[in-house]
Amino acid sequence: MSRVRRFLRSNSLSLVFGGLFLGALVGQAFAGLAEFNNQQVADGLATVTFGRYVTSADFAVDVAENWQSEYLQFLLYIVLTVWLVQRGSPESKKLDEQGRESDEKQKLGPFAGPDSPRWARVGGWRTKIYSSSLGLVMGSVFLACWLVQSVAGWSAFNEQQLKQLQDPQSWVGYVGSADFWSRSLQNWQSEFLAVGSMAVLSIYLRERGSPESKPVGTSHASTSIEG
Amino acid sequence: MRTSALGALVGIVVFACPACGSDLPAAASGAAGRFYQALEVHDGAAACALLAPQTLQEVAESAQGECETAILDEGIPAGGEVIALRQYGTQAQARMSDDTAFLAEFDDGWRVVAAACVSQGQRPYQCKVKG
């Protein structure tokens, strides 16, 4: 097998999702442009180019509101599954393993192996930070995307206000507005539903060969077993 | 963490700032200023050339005549100086010392969508001239 084929095969999950992401983002840009321009024509205003649209507040807020909710979803899932469990779910750890677990089980400090990451071996603040690095980064990306949503949403909202011959709002006013919270909460509820469904449905349903599912023949009561 | 903070900053610059308006606010401000100047010297043709297409059509239709003469009879107050301009995307609001106007960006520049506008609080401005 050539090096290229080996690389593609070893990284197929990331590569396919990267491709799907880019394809969907481009599709969203074209669909959003058509929707924006339809509204502009209906309002007797000028249409905008593709380049202008993808750098507009309208496109930015639509992208950012989805990004923030996805990162929030994974942040909560990563952090809450440290302490919360679901009997029978492969997404949960075993019922008696709730919490941060011992250094030995987590392979920290003196229990680290030769191939353990350096920050897991060295102890002190670096190990402490590294032990929460996934949640910290997901949380930071969530907050950054939510902030971008608030700024872009504020600009898009005010553009709409001006179209309707109304005064624009301040950023603080927008962050407390129905538009901002409607955009945020409609995304959050769908993410929470999807995660909750996954945790519960995977107790009873199987997908042969998927690491997100228990092996097909595993009992419904078995927790923390992935295929 | 530093990477995340940098990412946030880049995100805000890439996403939010272009969203705040693509052209210099001076362009919209200039169009508003020229519109009120034209009215001040009773140059109806110049004022109409600065109206958005739908607004121009509305002015002409409601007067059942030419925009050039009708616009001078709309009772638009003298605008005076542009004291504040707020622009978001393709829309802008010019607060003049004696009036408020709304503008939109077209391929050939900014055009007045509504003028002689009076605030109605939470409701849309009441404008003597609009599309």
Side-chain angles (χ1 to χ4, degrees), chain A residues 36-37 39-49 51-64 67-68 71 129 132-133 136-171 174, chain B residues 1-23 28 52-58 84 86-95 100-111 113-115 117-127 130-131:
Chain A
F36 185 87
N37 279 341
Q39 194 55 52
Q40 289 285 100
V41 170
D43 294 338
L45 300 168
T47 56
V48 298
T49 61
R52 179 78 187 269
Y53 177 70
V54 295
T55 55
S56 73
D58 203 76
F59 181 63
V61 67
D62 286 350
V63 171
W67 287 9
Q68 60 86 359
Y71 281 95
I129 285 180
S132 299
S133 54
L136 286 171
V137 169
M138 298 299 262
S140 300
V141 175
F142 156 64
L143 288 175
C145 289
W146 204 23
L147 179 63
V148 170
Q149 180 200 323
S150 75
V151 176
W154 168 57
S155 183
F157 179 81
N158 279 344
E159 187 174 8
Q160 200 58 38
Q161 287 282 101
L162 293 177
K163 269 187 192 176
Q164 296 165 354
L165 308 181
Q166 289 178 286
D167 280 325
Q169 276 193 2
S170 67
W171 178 78
Y174 177 70
Chain B
M1 288 300 282
R2 190 180 295 167
T3 310
S4 303
L6 186 65
L9 192 65
V10 169
I12 290 164
V13 170
V14 168
F15 274 129
C17 285
C20 298
S22 59
D23 284 354
Q54 209 157 300
T55 309
L56 187 140
Q57 191 182 346
E58 182 63 30
R86 295 197 275 184
Q87 184 196 329
Y88 295 93
T90 59
Q91 307 294 312
Q93 180 194 52
R95 282 186 184 277
T100 299
F102 289 85
L103 300 100
E105 191 180 10
F106 288 83
D107 294 340
D108 54 353
W110 287 85
R111 296 283 177 266
V113 171
C117 299
V118 178
S119 174
Q120 305 291 307
Q122 296 289 309
R123 289 184 293 123
Y125 277 67
Q126 204 161 48
C127 304
K130 65 178 179 178

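Proteins get letters first, then strands, A, B, ... in listed order; numbering begins at 1 in each. Worth saying up front: this structure is predicted, and the values here are computed from it rather than measured.
Interface summary for chain B: among A:G139, A:A46, A:C145, the most heavy-atom pairs under 4.5 angstrom belong to A:A46. Interface remark: of the candidates A:L143, A:N158, A:V48, A:N158 forms the most heavy-atom pairs closer than 4.5 Å to chain B. The choice from B:K130, B:Q93, B:R123, B:Q122 that makes the most heavy-atom pairs within less than 4.5 Å of chain A is B:Q93. Each of B:T55, B:T90, B:D107 has some count of heavy-atom pairs under 4.5 Å with chain A, and the biggest count is that of B:T90.
You'll find the side chain of A:V148 stays beyond 4.5 Å of the side chain of A:Q68, heavy atoms only. No side-chain heavy atom of A:S56 sits less than 4.5 Å from a side-chain heavy atom of A:F36.
With a 4.5 angstrom heavy-atom cutoff, B:Y125 touches chain A via backbone and side-chain atoms both. For a residue to count as touching a neighbouring chain, one of its non-hydrogen atoms must lie under 4.5 Å from one of that chain's; by this rule A:D43 touches chain B with the backbone only. For A:Q40, the part lying under 4.5 angstrom from a heavy atom of chain B is the side chain only. For chain B, the nearby part of A:T47 is the backbone; its heavy atoms alone come within less than 4.5 Å. Looking at B:A52, neither its backbone nor its side chain comes within 4.5 Å of chain A, counting heavy atoms on both sides.
Enclosure of atom CD in A:Q164 by more than 12 non-hydrogen atoms of other residues, nucleotides or ligands within 6.0 angstrom is indicated. The number of heavy-atom neighbours closer than 6.0 Å to OH of A:Y71, taken from other residues, nucleotides and ligands shown, is 12 or below.
Judged purely by atom type and a 3.5 angstrom limit, A:T55 uses its side chain to pair as donor or acceptor with the backbone of A:G51. Put simply, the side chain of A:W154 gets close to the backbone of A:Q169: a donor and an acceptor are under 3.5 Å apart.
Aromatic rings from A:F142 and A:W146 are positioned such that their centres are separated by under 6.0 Å.
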